[in-house]
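Single-structure report; data block below.
In what follows, every heavy atom counts, from backbone to side chain, and hydrogens, waters and symmetry copies are set aside.
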Amino acid sequence: MTTGFIGLGVMGQPMALNLARSGAPLVVWNRTAARCEPVAAAGARVAAGPSEVFAEAEVVLLMLADENAVDTVLARGTPDFGSRCHGRTVVQMGTMPATYSAALAAEVAAAGGTYVEAPVSGSRGPAEAGTLVAMVSGADVEQLRPVLAPMCAEVVDCGPVPGALLMKFAVNLYLITMVTGLAESYAFAEANKLDPALLTRILDAGPMASQVSRAKAAKLLDGDFTVQAAALDVLKNNRLIAEAARAAGVASPLLDVCHALFGETVSLGHGAEDMAAVLRAIRARSGT
């Protein structure tokens, strides 16, 4: 079975690389063609455009930035939408509004295709290692597992669409507030002239240590904000989660504070840096 992969950005490229290295027949496309080169070197075929991917692949994975990009690739709203979706499984792996995903699922089904949500938990490091966690809605997980296995250590059935995206929102709510709290801890230590290396050592040895805390603490210690999960993407995620929280009638006080801080991080010109750069907004509020 040939798999298609469209969207070779920060996350998509390492994910597609792992698919190619697994030996699975793979055809890829990305708007910026140079992003395809490492995946082609690993054995994938580069298509001339999205239509060629859909013509060749039975399952097409989409790892795209937003709804407009997904609509464009699917040719949604045009006669080509039906031909691209009919008889194919469209696996939408990006983080989108839950309402958008539910509407798209209905349209793909009406066109004779199968729509699957499969957002992932993890940043560039886990994507490179093939240890992402996929949350899946709209498909038989066991049938999809062989496609996702080269990219994901866990594949979890989250029920009907949009359950997977809502689960991703719940996971990211914890991630965003945790990393923001970690950055605030380093800002507090800095203001009190505490040794940040000592703080890092204590956190790493204690009960709160995790893969995320270790990765972000290293960035905060070194002032290295090379992107793993961009602050601008986190701001988008924060907005989507807040909208879903309002729709469900649930308060999100910690998330709301984080939303403001990541907005300030982006306004300060650090949207392309890692989410740990929220430290810059905290410093700016402190006047340091």
Side-chain angles (χ1 to χ4, degrees), residues 7 9 11-12 61-74 76-77 81 85 89-111 113-123 132-141 144 152 154-181 212 229-267 271 275 278 281:
M11 293 288 290
L61 311 180
L62 307 179
M63 193 63 176
L64 296 164
D66 54 32
E67 306 95 290
N68 289 335
V70 173
D71 288 349
T72 299
V73 161
L74 291 175
R76 195 175 180 197
F81 176 79
C85 295
T89 299
V90 177
V91 184
Q92 201 295 103
M93 304 190 76
T95 305
M96 308 286 163
T99 50
Y100 166 84
S101 187
L104 182 58
E107 291 187 32
V108 171
T114 300
Y115 177 81
V116 180
E117 281 180 352
V120 295
S121 178
S123 57
L132 296 166
V133 177
M135 292 149 277
V136 176
S137 286
D140 183 334
V141 169
L144 199 59
C152 302
E154 288 284 344
V155 179
V156 182
D157 188 344
C158 294
V161 174
L165 273 167
L166 292 172
M167 187 65 76
K168 170 72 182 288
F169 293 168
V171 170
N172 277 8
L173 197 159
Y174 177 45
L175 170 68
I176 292 167
T177 54
M178 176 176 64
V179 173
T180 304
V212 171
L232 183 60
D233 291 336
V234 173
L235 179 61
K236 172 198 166 185
N237 273 257
N238 203 314
R239 175 180 58 79
L240 294 177
I241 301 166
E243 289 172 356
R246 302 295 177 267
V250 61
S252 55
L254 295 179
L255 185 73
D256 294 343
V257 171
C258 294
H259 197 173
L261 285 167
F262 276 96
E264 291 163 26
T265 304
V266 171
S267 295
M275 66 184 298
V278 71

Please step through side chain to side chain contact (heavy atoms under 4.5 Å, CB included) for the pair Leu261 and Thr180, ending with a clear verdict. CA-CA 9 Å; Leu261 285 167; Thr180 304; 3.7 Å; yes
Chi angles and distances behind the side chain to side chain contact (heavy atoms under 4.5 Å, CB included) call for Asp71, Phe81: CA-CA 9 Å; Asp71 288 349; Phe81 176 79; over 6 Å; no
Before you tell me yes or no, could you show the steps for Met11 and Leu132 under side chain to side chain contact (heavy atoms under 4.5 Å, CB included), namely the whole-Å CA-CA distance, both residues' side-chain angles and the distance that decides it to 0.1 Å? CA-CA 10 Å; Met11 293 288 290; Leu132 296 166; 3.8 Å; yes
Leu235 vs His259, side chain to side chain contact (heavy atoms under 4.5 Å, CB included): CA-CA, chis, key distance, verdict: CA-CA 6 Å; Leu235 179 61; His259 197 173; 3.3 Å; yes
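Of the possible donor and acceptor atoms, one in the side chain of Glu117 sits under 3.5 Å from a partner among the backbone N and O of Leu165.
Note that NZ of Lys168 and CG of Leu175 are 9.0 Å apart. Values are rounded to the nearest 0.5 Å. Summarising the geometry, atom CG belonging to Leu104 is positioned 11.5 Å from atom OG1 belonging to Thr99; distances are rounded to the nearest 0.5 Å. Atom-to-atom distance recorded for Glu154:CD and Met135:CE is 11.5 Å, nearest 0.5 angstrom. Note: Leu240 CG to Asn172 CG = 9.5 Å, rounded to the nearest 0.5 Å. Distance check, rounded to the nearest 0.5 Å: CG of Leu254 to OH of Tyr174 gives 12.0 Å. Note that CG of Asn237 is 4.5 Å distant from OG1 of Thr95, once rounded to the nearest 0.5 Å.
In this view, Glu107 and Arg76 satisfy the side-chain hydrogen bond (donor to acceptor under 3.5 Å, both in side chains) rule, not counting sequence neighbours. Among residues two or more places apart in sequence or in another chain, the side-chain hydrogen bond (donor to acceptor under 3.5 Å, both in side chains) test is passed with Ser137 by none.
Here the closest non-hydrogen pair linking Gly7 and Leu64 is CA-CD2, 3.8 Å. Here the closest non-hydrogen pair linking Ala229 and Val234 is O-CG2, 4.4 Å. The two residues Val136 and Ala118 come nearest to each other via the heavy atoms CG2-CB, 4.2 Å. The minimum heavy-atom distance between Ser101 and Tyr115, with the atom names listed, is OG-OH, 2.6 Å. In plain terms, the two heavy atoms of Ser121 and Val171 that are nearest each other are OG-CG1, 3.5 Å. For the residue pair Thr114 and Gly138, the shortest heavy atom distance occurs at CG2-O, 4.1 Å.
Under the 4.5 Å side-chain criterion, counting only non-hydrogen atoms from C-beta, Leu144 is in contact with Val116.
Residues in residues 239-262 take part in these salt bridge (Lys or Arg N to Asp or Glu O under 4.0 Å) pairs, two or more places apart or across chains: Arg239-Glu243, Arg246-Asp256.
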